[in-house]
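Below, chain A is the first sequence line, B the second, and so on; all start at residue 1.
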Protein chains: 2
Amino acid sequence: MAILDGNLEKVSEFTIRRLSNYFRILSELEKRGVVTVSSASLAELGAITSAQVRKDLSYFGSFGTRGLGYKVVELKEAIVAILGLDRRWTLALFGAGFLGHALFFHDGFREDGFHFIHVFDVDDAKVGTKWRDVAITHQRHAAESLRREPVDIGVIATPPSAARDVVDLVVRGGVKGVLNFAPTQVQVPEGVWLRNVNLAVALESLSFYLSQ
Amino acid sequence: MAILDGNLEKVSEFTIRRLSNYFRILSELEKRGVVTVSSASLAELGAITSAQVRKDLSYFGSFGTRGLGYKVVELKEAIVAILGLDRRWTLALFGAGFLGHALFFHDGFREDGFHFIHVFDVDDAKVGTKWRDVAITHQRHAAESLRREPVDIGVIATPPSAARDVVDLVVRGGVKGVLNFAPTQVQVPEGVWLRNVNLAVALESLSFYLSQ
DNA sequence: TAGATTGTTAATCGATTAACAATC
DNA sequence: TAGATTGTTAATCGATTAACAATC
């Protein structure tokens with residue numbers, strides 16, 4: 001299957017986020033035993049338009065059959081391949097607080113192939129304790145740990161004041177992706193991908209509309 | 001100050017999310033004792049353009065002084081008022097799992113004026129225990145609790161399979177906003193605002209770009 | 001074949017950016 | 001006054017949607 005017809009440049013983050021959504025919808029349909037699905041019903045389930053669905057998929061190839069629609073399992077597997085979920089990804093977590101804890105134990109990540117193999121914190125009370133089979137390590141040993149066992153992605157769940165230093169640390173450790181939950185602007189060098197997730201933004205958006 | 005010149009209709013969710021970001025940047029500048037800031041430096045701190053900053057603010061009024069820029073505290077307070085952060089908001093949490101725990105104890109929310117006054121779960125082992133001064137209540141008593149003490153916003157941190165029912169429950173309880181962390185499509189009636197936050201999306205976006 | 005639905009092109013819509021007059 | 005920077009309009013860019021030929 002020819003994924004990516006050379007026009008990857010034109011694929012926007014919006015499309016990627018929707019693919020991620022199609023993946024979840026298709027997984028659900030598969031679980032329910034649904035065999036085929038049209039762009040129209042996929043669109044309805046995702047609260048978008050059928051043109052959007054077809055356009056999104058068209059960046060990566062032709063996955064459907066005219067007159068019939070898409071085979072659920074086939075399309076799901078195509079999207080899994082596109083999103084890179086057909087392999088194992090290793091993660092390092094920085095910050096073993098409440099949020100770090102929730103991320104580490106979030107089953108969805110493991111099911112998607114994302115595995116935390118390091119957890120770092122600066123709190124000596126936490127260092128040495130174990131989360132599943134991962135021992136919490138003091139952040140001062142992070143560089144060393146990352147040299148011994150490198151990871152693909154660094155996940156930042158520290159207080160905002162620490163985020164910048166931790167990002168530098170994990171980038172020097174060789175990660176190619178950073179997922180930042182700290183509500184502060186951080187910088188990564190060329191060639192490293194950064195995504196920011198800010199839990200307050202959605203809540204503040206709600207309070208804006210509720211105030212009107 | 002004339003916030004909202006009647007063109008609120010034209011304000012996009014993109015603008016609101018950036019306001020939320022300006023708010024954090026301005027808070028940081030205030031803490032550092034910075035008195036005035038230009039759209040250019042605000043833009044640099046937020047990794048966008050100065051035209052974007054001025055355009056975003058222009059939907060709500062004129063907050064700056066030509067030739068000088070914006071007073072940090074004044075602009076911050078204007079944005080606080082726009083986002084509705086100048087009042088107390090009450091929240092009900094559904095799902096006392098890892099994620100619910102992280103959300104409940106997340107200091108940033110309380111600092112912004114968002115207060116969880118109810119926590120519901122279906123696990124009898126959790127029911128009766130307390131988080132700070134909030135007793136975890138069985139979900140079957142949620143309707144009753146919400147009647148006694150209504151809230152502004154329902155926060156859904158249940159497994160996806162439970163999300164739909166819980167949303168119906170909380171909407172019948174009179175909330176005007178729903179913040180859904182469950183990775184499943186939910187529906188709310190006209191007049192209720194919904195925001196979805198999916199922790200997997202950002203990670204899957206990273207794996208997509210890292211795969212290329 | 002007739003009906004259904006894809007894949008894609010062209011049209012539309014909306015968000016971002018550039019430019020500059022207004023003005024401190 | 002001269003320099004700086006806002007607020008706003010017009011131009012550009014990019015994302016979404018409509019439409020339809022291709023085709024199962």
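In this structure, CD of Gln52(B) is placed 16 Å from P of dC13(D), rounded to the nearest angstrom. Note: CD (Glu13(B)) to C1' (dT16(C)) measures 17 Å, nearest angstrom. At whole-Å resolution of the value, NZ in Lys55(A) and C1' in dT9(C) are 8 Å apart. Distance Leu57(A) CG to dT17(D) C1': 16 Å, rounded to the nearest Å. Remark: C1' of dT6(D) and CG of Leu42(B) are 13 Å apart, rounded to the nearest angstrom. Rounded to whole Å, the distance from CZ on Arg18(B) to P on dT17(C) is 8 Å. As a whole-Å value, the separation of Phe14(B) CZ from dA15(D) C1' is 9 Å. Distance Arg54(B) CZ to dT17(C) C1': 10 Å, rounded to the nearest Å.
For the side-chain hydrogen bond (donor to acceptor under 3.5 Å, both in side chains) criterion with Asp152(B), the lone passing option out of Lys176(B), Arg87(B), His115(B) is Arg87(B).
The aromatic rings of Phe98(B) and His101(A) sit perpendicular, their planes meeting at an angle over 60°, well past the 30° parallel limit. Note: Trp193(B) and Tyr209(A) have parallel aromatic rings, judged against thresholds of 30 and 60 degrees for the angle between ring planes.
Remark: dT23(C) base-pairs with dA4(D); criterion is Watson-Crick or G-U wobble with both hydrogen-bond distances under 3.5 Å. If you check dT17(C) for Watson-Crick or wobble pairing at under 3.5 angstrom, you find it paired to dA10(D).
Phosphate contact (OP1/OP2 of dT17(D), side-chain N/O of Thr49(A), threshold under 4.0 Å): present. Between Tyr70(A) and dA4(C) there is no side-chain polar atom (N or O) within less than 4.0 angstrom of OP1 or OP2.
In this structure, Ile48(A) and Ala40(B) both approach DNA chain D, and ranking their closest nucleotides by distance from the 5' end singles out Ala40(B).
A donor N or O paired with an acceptor N or O is not found under 3.5 Å between the base of dT23(C) and the side-chain atoms of Arg66(B).
Using a 4.0 Å heavy-atom cutoff across all strands shown, Ser39(A) reaches sugar-phosphate atoms only and no base atom. Heavy atoms of Thr15(B) sit nowhere under 4.0 angstrom from any nucleic acid atom.
No side-chain donor-acceptor contact under 3.5 Å links Ser58(B) and Arg54(B).
Taking only side-chain atoms of Ser62(B), from C-beta outward, the nucleotide of dC24(C), dG7(D), dA15(D) with the closest atom is dG7(D).
For the pair His106(B) and Leu99(A), the minimum side-chain heavy-atom distance is 4.5 Å or more.
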